[in-house]
There are 2 protein chains.
Amino acid sequence: MSRASALTTTSYAILGLLAVKSWSTYELTRQMDRSLGRMWPRAQSKLYEEPKKLVEYGLAEASAERVGRRPRTTYSITPIGRRALAAWLQEPGEGPVLEFEQLLKIFFAECGTKADALSTLAATRAWAKQRNEGNLAAARTYLAGEGPFQHRLAQHMLAGAFLTDFYAMVARWAEWATTMVNQWPDDPGQATPDRAAIEEIVRRATW
Amino acid sequence: MSRASALTTTSYAILGLLAVKSWSTYELTRQMDRSLGRMWPRAQSKLYEEPKKLVEYGLAEASAERVGRRPRTTYSITPIGRRALAAWLQEPGEGPVLEFEQLLKIFFAECGTKADALSTLAATRAWAKQRNEGNLAAARTYLAGEGPFQHRLAQHMLAGAFLTDFYAMVARWAEWATTMVNQWPDDPGQATPDRAAIEEIVRRATW
DNA sequence: TTCTTCATGTAATTAGTTACATGATTGA
DNA sequence: TCAATCATGTAACTAATTACATGAAGAA
């Protein structure tokens, strides 16, 4: 009967989903794969665990059903939950946190081969392309007036625009970096920096 | 005497730093604050723990000194460590993972007030501005021919360019989103999507 | 009927963070 | 000589992941 620990951003992320409608746990995992996971990625098992904490705090209610012999739990938000969510939205929140293994590999590229760096960048381009396609498909669906939660479109669009711009930025960077690495000698350790490129970066950073 | 668990990306991040030069643990934490933390953020205490694992695997060596009555541990990479790093660089690696609490708040903005959304976006703009300034200062230092590790400039520049572009993208998005939210009615739940804006996003996603 | 995929959940493990503790150094 | 900051490290905790297990539903 230990007291649940404090609410985390993950708790509020799920609470936010519950504010839209009630979901079964499995539906929550679907939503994580679709939209939420792009800005707040969490493992599936978290989505089975975290709502229990919301219930313990009175922010959500669980209702148990049966599908054959199996249990299914559906969660809904409570009035207290709505107030808690509103209070959370008043706080400024944290800026973006980025974890980018491929960039790390580029950063240490002089310890590997030129081919390594080029294939890492190719993987980055492929990643951006794939993400973009999924994102674009969703946007087109909405544009066609389909897709769920049309009443949340104004908010959804802002977040979607961020992801769109992010994927485009990643793709453009990877392309540019590829042209840079192509100019390297075979031993990346001997690569000399492109002075004009640095000046260009400084220019892009001046706004 | 339990066997160390497998090497993680964090292990390789530190191994990469050791490939540049030997560092004391504290110097590693400085480096995390400066450069590494922008692409692979980890808590300080990790930097005291992770090198021990590298030593256990024979990828690094620890040398113990004394500063007055206090111990200081300095780590250096071994030949095995260099080979392990090179092997890691051959694998494609993971694409960017983003955690963005403020974006989550925008995504759920209809549960709060218009003022909440605007202040969240203001915080995002401030974040981008601040990060950009630090980044720009570093770039200018390099451009002036100062700064450490001039021989790694070609690699450093590629990573720096990514961050530059990222910060600029975040700032531009936050400005654009602010103009969008400014057009909302007082109740964000009543905000209607801007059809032209959606078309514009689709255009930006088409490349 | 069997295979595959959808759906539901728990248990074990770990990577990572927060908090704590304290010595060394420097400058007011 | 006192306070503040730099420097060094450990311990306790927890958020999150990976792995596991299995029933239901629909296709072949």
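These values consider heavy atoms only, across backbone and side chains, with no hydrogens, waters or symmetry-generated copies. All values derive from a computational prediction rather than experimental measurement.
- For B/Thr29 and D/dT8, the shortest distance from a side-chain N or O to OP1 or OP2 is not below 4.0 Å.
- Taking atom CZ on A/Arg66 and atom C1' on C/dT8, their separation rounds to 11 Å, with Å as the unit.
- The nucleotide whose nearest atom lies closest to any side-chain atom of B/Lys53 is, among C/dA15, D/dA16, C/dA7, C/dA15.
- The phosphate of C/dA7 (OP1 or OP2) has no side-chain N or O of A/Thr25 nearer than 4.0 angstrom.
- We find that CZ of A/Arg42 is positioned 8 Å from C1' of D/dA15, with the value rounded to whole Å.
- The phosphate of D/dT10 (OP1 or OP2) has a side-chain N or O of B/Lys52 nearer than 4.0 angstrom.
- Note: CZ (A/Arg69) to C1' (C/dG9) measures 15 Å, nearest angstrom.
- Each of B/Arg30 and A/Thr8 lies near DNA chain D, and the nucleotide nearest B/Arg30 is the one positioned closer to the 5' end.
- Of the candidate nucleotides D/dA24, D/dA16, C/dT25, D/dA16 has the atom lying nearest to any side-chain atom of A/Thr10.
- If you take CG on B/Leu17 and CD on B/Gln31, they are separated by 6.0 Å, rounding to the nearest 0.5 Å.
- In this structure, B/Gln44 places its CD atom 11 Å from C1' of C/dT17, rounding to the nearest Å.
- A residue-by-residue look at B/Pro71 and A/Glu49 shows that B/Pro71 has its nearest nucleotide of DNA chain D further toward the 5' end.
- Rounded to a whole Å, the OH atom of A/Tyr48 is 6 Å from the C1' atom of C/dG9.
- Here C/dT25 presents its C1' atom at 12 Å from OH of B/Tyr26, a figure rounded to the nearest Å.
- The number of heavy-atom neighbours closer than 6.0 Å to NZ of B/Lys129, taken from other residues, nucleotides and ligands shown, is 12 or below.
- A/Asp33 has its CG atom 13 Å from the C1' atom of C/dA7, to the nearest Å.
- Within the nucleic acid shown, A/Ser45 comes within 4.0 Å of at least one base atom, counting heavy atoms only.
- Among the atoms of the strands shown, only primed sugar atoms or phosphate atoms (P, OP1, OP2) are found under 4.0 Å from some heavy atom of B/Arg72.
- Annotation: A/Phe100 is in aromatic contact with B/Phe162 [ring centroid separation under 6.0 Å].
- Screening B/Leu85, B/Leu59, B/Thr78, B/Ile77 for a side-chain contact (heavy atoms from CB on, under 4.5 Å) involving B/Leu18 leaves a single residue, B/Ile77.
- The distance from atom CD of B/Glu99 to atom C1' of D/dA15 is 11 Å, rounded to the nearest whole Å.
- Annotation: side chain of A/Asp165 is not in contact with side chain of B/Arg172 (no heavy-atom distance under 4.5 Å).
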